[in-house]
Amino acid sequence: MPVLKTHNIIKRFGKFTALDGVNIEVNKGEVYGFIGPNGAGKSTTIRVLLGILKASEGEAKIFGKDAWDDAVDIHKQIAYVPGDVNLWPNLTGGEVIDLFVKLRGSNNKSRREELIEKFDLDPSKKCRTYSKGNRQKVALVAAFSSDANLYILDEPTSGLDPLMEIVFQECVMATKAEGKSVLLSSHILSEVEKLCDKVGIIRQGTIIETGTLKELRHLTRTSILVETIQPITSLHEVKGVHEIEEKDQALSFQVDTEELGNVIKYVSQFEVVKLESSPAKLEDLFMRHYEGVEQTSHTGVGGVS
């Protein structure tokens with residue numbers, strides 16, 4: 001049974017449809033990357049999963065329980081980190097961490113101390129004095145100190161410096177190694193690529209691609225730079241070749257990954273002296289889906305993200 005599963009989730013705000021048939025499945029010991037730009041529906045989906053919003057239609061289940069009806073029971077086993085953390089201004093960071101950890105029934109003080117040191121956090125300061133990055137650290141330490149079975153992380157590295165992002169990535173990998181599950185909402189594609197087993201891309205409230213990174217690779221393109229003794233002719237007619245550009249004596253172009261073998265075979269007849277290839281990246285797939293999408297009419301409508 002999946003740890004988390006949604007079936008055709010629809011969420012309407014008046015006449016505006018924020019989510020239109022969202023399907024997500026996260027299994028035990030899996031890190032699921034949930035990606036899309038601001039306004040695509042990531043945070044709205046997460047609010048439905050947390051039982052903060054009730055879906056207009058469809059079903060959301062966590063640990064086999066209904067996300068809305070059984071929210072109290074579900075929250076005993078999940079840890080949540082939002083992208084913009086608000087804390088009690090008069091409590092210290094350490095007091096907030098202790099409060100959250102106790103609420104979940106955990107009492108692993110050595111884990112707490114280890115994470116505070118890793119994230120370079122001063123827990124003795126009042127929360128009102130913390131920067132955005134330090135507020136994120138408090139939430140991350142509290143989440144990873146607790147003994148949860150599912151971690152729902154909504155843009156969790158917002159405000160963190162690159163060094164702390166690496167610490168965060170190490171925490172996610174350690175969590176996965178323990179057999180725990182993670183739903184990671186992010187627009188940082190390199191982060192998703194490093195951490196996630198499976199990816200769902202959401203656009204305008206609809207999941208437009210989903211699968212393992214390996215399954216999605218065939219949809220991305222490989223970048224090629226080739227220099228030959230003889231000029232390459234009719235390259236634009238070869239199946240799977242895109243965006244041909246001349247660079248000094250070389251040609252650069254994109255190739256659909258499934259056509260790579262045929263394209264290399266074609267260019268080799270012109271006597272190759274130099275060949276460079278850059279592997280397909282998740283970013284290429286993401287950008288292809290968002291090419292030409294109007295940013296004004298669909299981004300941030302009614303404050304939904």
*Can you find a side-chain donor-acceptor pair between Glu30 and Ser181 that sits under 3.5 Å?*
no
*asked:* Show the nearest heavy-atom pair for residues Ala60 and Val48, with the distance to one decimal.
replied: CB-CG1, 4.4 Å
*Run the salt-bridge test on Lys176 and Asp197 with the 4.0 Å N-O cut-off and return the result as yes or no.*
yes
*Please check if any side-chain donor atom of Thr157 sits under 3.5 Å from a side-chain acceptor atom of Glu191, or the reverse.*
yes
*Residue that, paired with Val138, satisfies side-chain contact (heavy atoms from CB on, under 4.5 Å) out of Ile116, Val96, Thr92*: Val96
*Can Lys132 and Ser158 be counted as having a side-chain donor-acceptor contact under 3.5 angstrom?*
yes
_With Phe63 via ring pair (Phe, Tyr, Trp, His ring centres under 6.0 Å) - residues at least two apart_ = none
*Taking all non-hydrogen atoms of both residues into account, name the closest pair between Val263 and Phe253 and its distance.*
CG1-CE1, 3.8 Å
*Can you tell me if Ser43 and Asp154 form a side-chain donor-acceptor pair at under 3.5 Å?*
yes
*Is there a path from Leu225 to Val272 through hydrophobic residues (I, L, V, M, F, W, Y) whose side chains come within less than 4.5 Å of each other?*
no
*How are the rings of Phe144 and Tyr151 set to each other: parallel, tilted or perpendicular (split at 30° and 60°)?*
parallel
*Approximate separation, where rounding is to 0.5 Å, of Lys265 NZ and Leu260 CG*: 13.5 Å
_Less than 6.0 angstrom separating the ring centers of Phe168 and Phe119, yes or no?_
no
*No-hydrogen, no-angle side-chain donor-acceptor test under 3.5 Å, Glu243 and Gln254*: no
*Should Asp147 and Lys180 count as an ion pair when the cut-off is N to O under 4.0 Å?*
yes
_Cationic N near anionic O, under 4.0 Å, Glu57 to Arg12_ = yes
_Please determine whether a side-chain nitrogen of the Lys or Arg among Asp20 and Lys11 lies less than 4.0 Å from a carboxylate oxygen of the Asp or Glu._
no
